[in-house]
K.L.:
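Please see the structure below; I have some questions.
Order of appearance sets the numbers: ligands from 1, and atoms from 1 within every ligand.
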Amino acid sequence: MTEHKNHPTSNFLRSIIERDLAQGTYASRRWGGSPGDAAHHAKGLPDPAKIRTRFPPEPNGYLHIGHAKSICLNFGLARDYGGVCHLRFDDTNPEKEEQEYVDGIIDAVRWLGFSWQGCGGDHLYYASNYFDFMYRAAETLIEAGHAYVDEQSAEEIRASRGTLTEPGKNSPWRDRPKEESLRLFREMREGRHPDGAMVLRAKIDMASPNINLRDPVIYRIKHATHHNTGDRWCIYPMYTYAHPIEDALENITHSICTLEFEDQRPFYDWVLERLAESGLLTHPLPKQYEFARLNLTYVVLSKRKLIELVEKGYVNGWDDPRMPTLVGARRRGYTPEGFRLFAERIGVSKADSWIDYAVLEDCMRETLNESALRRIAVLDPIKLVIDNYPAGQSEECHAPNHPLRPELGQRVVPFSRELWIEREDFMETPPKGYFRLFPGNRVRLRYGYVVECTGCEKDANGNVTVVHCTYLPDTKSGTPGADAVKVKGNIHWVSAAHAHPAEVRLYDRLFRVPHPGAGDRDYLDDLNPDSVKIITAQLEPALKESRPEERFQFERHGYFIADRYDSRPGQPVFNRTTTLRDGWQK
Ligand code: ATP
Ligand code: MG
């Protein structure tokens, strides 16, 4: 299959990396074979990875399309510049994390086509393995006069933080002796104080114009069991303190995050500089860079909303094909190649913007158009009887598996007297410009014969039940002179005697407006009431043995995938990935 090898478009991150490589910014780093402090890495060899990036999900939910952007970016940059990207579970918060999510994230990153192996290691890490170092680093900060234990309540700390226009007020505990802070911090760790009794704060500047530098909290007491470290700890580091340390221990060079962390960058640097001064870490230190997160129309990407959709039963789980999760997208039939193409196409910038969902769908169509074999399915069947074709007889027609790739061969499509066609391909009294079946008109049955419509049968309510026609024996596709009879319409069909009935799920967008919940609306009111329709379609025989996750283009209808969970041998169930064209453009 041809990969979409668009030359990677340059962007500000690529420029920074290329400059760093040219200047040898990170050339002196050593790698101790595993994450660790300065002494550990000093014993290692020169780092075989030219750059190190990381993707650091919190294992508290399933990954979504926004995460795919971050994954493609971080793993893609590492791949392109001779580096490696670490998969790091940011599991420093004891309460919300679960193994199910860890497994789901590993699957999703692999499915997208990326690997954390390379440059002499298997770089899958857990931030909770760094708790010992983080604790030691905190004691070092206290000893150097850069941190203190504050006994104010959370409310008092908030109230004394100040505002954008007013400086904060120093805590009454700010200038306590460091020996006292050290003693109390050890007591915190030993479990001698209840949750909320005191915290450890960095001692920076309560008048800083950047509120994030007004003595941020770096450790809190939380008597909670952690999925990895059990009950070993009852104090846990805050994310803004833990994250730069995680990056430094792993020798990360370029730490790429979303824009909302921009104001945290000075604290990121402050933590690392203080620990380098004390000798726990060494230069060159990791640097943080921010990019605009993905905002996509017609979906919601907030974890809280995704959880609500699942828990309140608006969808059938995290992997419902309508969900913007990667498990959902996979089940829907979206392709890893399509996501990589999407990430490349939308690029990265420092300005927030919205991407139209149609851009993502087009990327899927482009990759599917190249890879998906063509098949025939009649989704809304009505019988077509060819009155001059002998009953009980059948013959073979040949249809290419892919119109642009003859090397993929052909398959046999059986033809007989009674066929299924689409209900909409017949009209008793057609409007102007309708070229399909109506009494007296001729169309080509694709890969078969030209037929002339002779009439129809109706039930008591006037609904058409059967369409009749006669065929022109000398017009079979692929035989000499087949084109002598010119027709404007060309319709698909399956032989009724050979067709395989199957469940097909016609998915559409989950929300009917570009910005669900915009303004004062409840986003749940914006759900599309027609986001799924389940039908029984008539499939050509070649589709009967489809394997789970096999993808096809159903001619004239769109792209479909055999559902990975509900398909059985000889009885596939199909999900519609996307129609052939966007039906949402106005
Ligand atoms: P939470 O609200 O729970 O923090 P999150 O979506 O930020 O949720 P994380 O597990 O922290 O989830 O995200 C992992 C990585 O994915 C982070 O580095 C984050 O910057 C990135 N990421 C999350 N959402 C998006 C998005 N919409 N576009 C690009 N990157 C994203
Ligand atoms: Mg986050």
Side-chain angles (χ1 to χ4, degrees), residues 11 13 52-78 85-98 100-109 112 114 116 124-128 227 238-240 242-244 246-247 250 252 254-265 268 286-310 318 323-329 339-340 342-357 359-360 515-516:
N11 59 48
L13 292 169
R52 288 181 189 263
T53 56
R54 84 286 173 270
F55 174 65
E58 205 180 328
N60 63 353
Y62 283 89
L63 299 183
H64 54 61
I65 298 173
H67 293 117
K69 174 177 178 179
S70 179
I71 293 169
C72 292
L73 179 62
N74 280 295
F75 283 90
L77 289 172
C85 179
H86 298 188
L87 175 58
R88 178 202 307 149
F89 289 102
D90 213 320
D91 58 352
T92 51
N93 189 351
E95 273 154 350
K96 299 182 293 187
E97 287 126 16
E98 284 178 36
E100 177 192 348
Y101 298 131
V102 169
D103 297 340
I105 290 167
I106 289 176
D107 271 1
V109 177
L112 282 173
F114 296 107
W116 43 90
L124 187 147
Y125 301 116
Y126 291 84
S128 58
H227 80 117
M238 303 301 286
Y239 177 83
T240 51
H243 202 83
E246 295 160 21
D247 285 344
E250 292 180 18
I252 300 301
H254 301 82
S255 176
I256 299 164
C257 63
T258 44
L259 278 179
E260 68 272 23
F261 292 100
E262 192 164 15
D263 292 343
Q264 291 289 352
R265 189 176 352 116
Y268 181 102
K287 283 250 170 279
Q288 173 182 305
Y289 303 93
E290 308 86 19
F291 72 102
R293 64 169 49 232
L294 172 67
N295 297 308
L296 196 60
T297 59
Y298 292 96
V299 300
V300 295
L301 294 179
S302 131
K303 238 174 238 173
R304 179 184 64 76
K305 290 178 183 164
L306 297 181
I307 289 172
E308 189 172 27
L309 290 172
V310 172
W318 289 100
M323 285 285 274
T325 52
L326 295 180
V327 272
F339 276 112
R340 298 200 297 266
F342 177 66
E344 191 57 49
R345 194 161 285 173
I346 62 176
V348 283
S349 81
K350 290 202 70 101
D352 263 317
S353 67
W354 285 83
I355 303 293
D356 195 314
Y357 197 78
V359 176
L360 177 64
H515 302 281

K.L.:
Applying ring pair (Phe, Tyr, Trp, His ring centres under 6.0 Å), can you list everything that pairs with His64, at least two apart in sequence or on another chain?
P.N.:
His67
K.L.:
Determine, using heavy atoms of Phe55 and all atoms of ligand 1, whether some pair is separated by less than 4.0 Å.
P.N.:
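Contact present.
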K.L.:
Non-hydrogen atoms of His64 versus ligand 1: any pair closer than 4.0 Å?
P.N.:
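Contact present.
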K.L.:
Between Gly66, Pro59, Pro57, flag the one that comes closest to atom 30 (N) of ligand 1 by a heavy atom.
P.N.:
Gly66
K.L.:
So Phe55 and Leu73, do their side chains get closer than 4.5 Å, heavy atoms only?
P.N.:
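Side chain of Leu73 against side chain of Phe55, heavy atoms only: no contact under 4.5 Å found.
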K.L.:
So Phe75 and Leu112, do their side chains get closer than 4.5 Å, heavy atoms only?
P.N.:
no
K.L.:
Any idea which atoms of ligand 1 are less than 4.0 Å away from a heavy-atom of Asn60?
P.N.:
3 (O)
K.L.:
Counting only pairs under 3.5 Å, give me each side-chain donor-acceptor contact of residues 346-354, with atom names and distances, residues two or more places apart or in other chains.
P.N.:
from   : atom 1 : to     : atom 2 : distance (Å)
Ser349 : OG     : Ala351 : N      : 3.1
Ser349 : OG     : Ala351 : O      : 3.1
Lys350 : NZ     : Glu290 : O      : 3.1
Lys350 : NZ     : Glu290 : OE1    : 3.1

K.L.:
Does an N or O anywhere in Cys257 fall below 3.5 Å from an N or O of ligand 1?
P.N.:
no
K.L.:
Taking atom types as modelled, is there a side-chain donor on His254 or Arg54 under 3.5 Å from an acceptor on the other?
P.N.:
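On atom types as modelled, these side chains do not qualify, holding no pair under 3.5 Å.
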K.L.:
Is it the side chain, the backbone, both or neither of Asp90 that has a heavy atom closer than 4.0 Å to ligand 1?
P.N.:
neither
K.L.:
Only heavy atoms count here, so choose which of Lys69, His67, Arg304 is nearest to atom 9 (P) of ligand 1.
P.N.:
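Ranked by closest heavy atom to atom 9 (P) of ligand 1, first place is His67.
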K.L.:
Looking at Glu58, which atoms of ligand 1 are within less than 4.0 Å of one of its heavy atoms?
P.N.:
9 (P), 10 (O)
K.L.:
Is the contact between Arg293 and ligand 1 made by the side chain, the backbone, both, or neither, using heavy atoms and a 4.0 Å cut-off?
P.N.:
both
K.L.:
Walk me through whether Glu100 and Tyr62 qualify under side chain to side chain donor-acceptor pair (under 3.5 Å).
P.N.:
CA-CA 9 Å; Glu100 177 192 348; Tyr62 283 89; 2.7 Å; yes
K.L.:
Taking 4.0 angstrom as the limit and counting only heavy atoms of Lys303, give me the atoms of ligand 1 inside it, by number and element.
P.N.:
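In order of numbering, the contacting atoms are 1 (P), 3 (O), 5 (P), 8 (O), 10 (O), 12 (O).
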K.L.:
Report the relative orientation of the aromatic rings in Tyr268 and His243; use parallel for angles under 30°, tilted for 30 to 60°, perpendicular for over 60°.
P.N.:
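Rings of Tyr268 and His243: tilted, as their planes differ by 30° to 60°.
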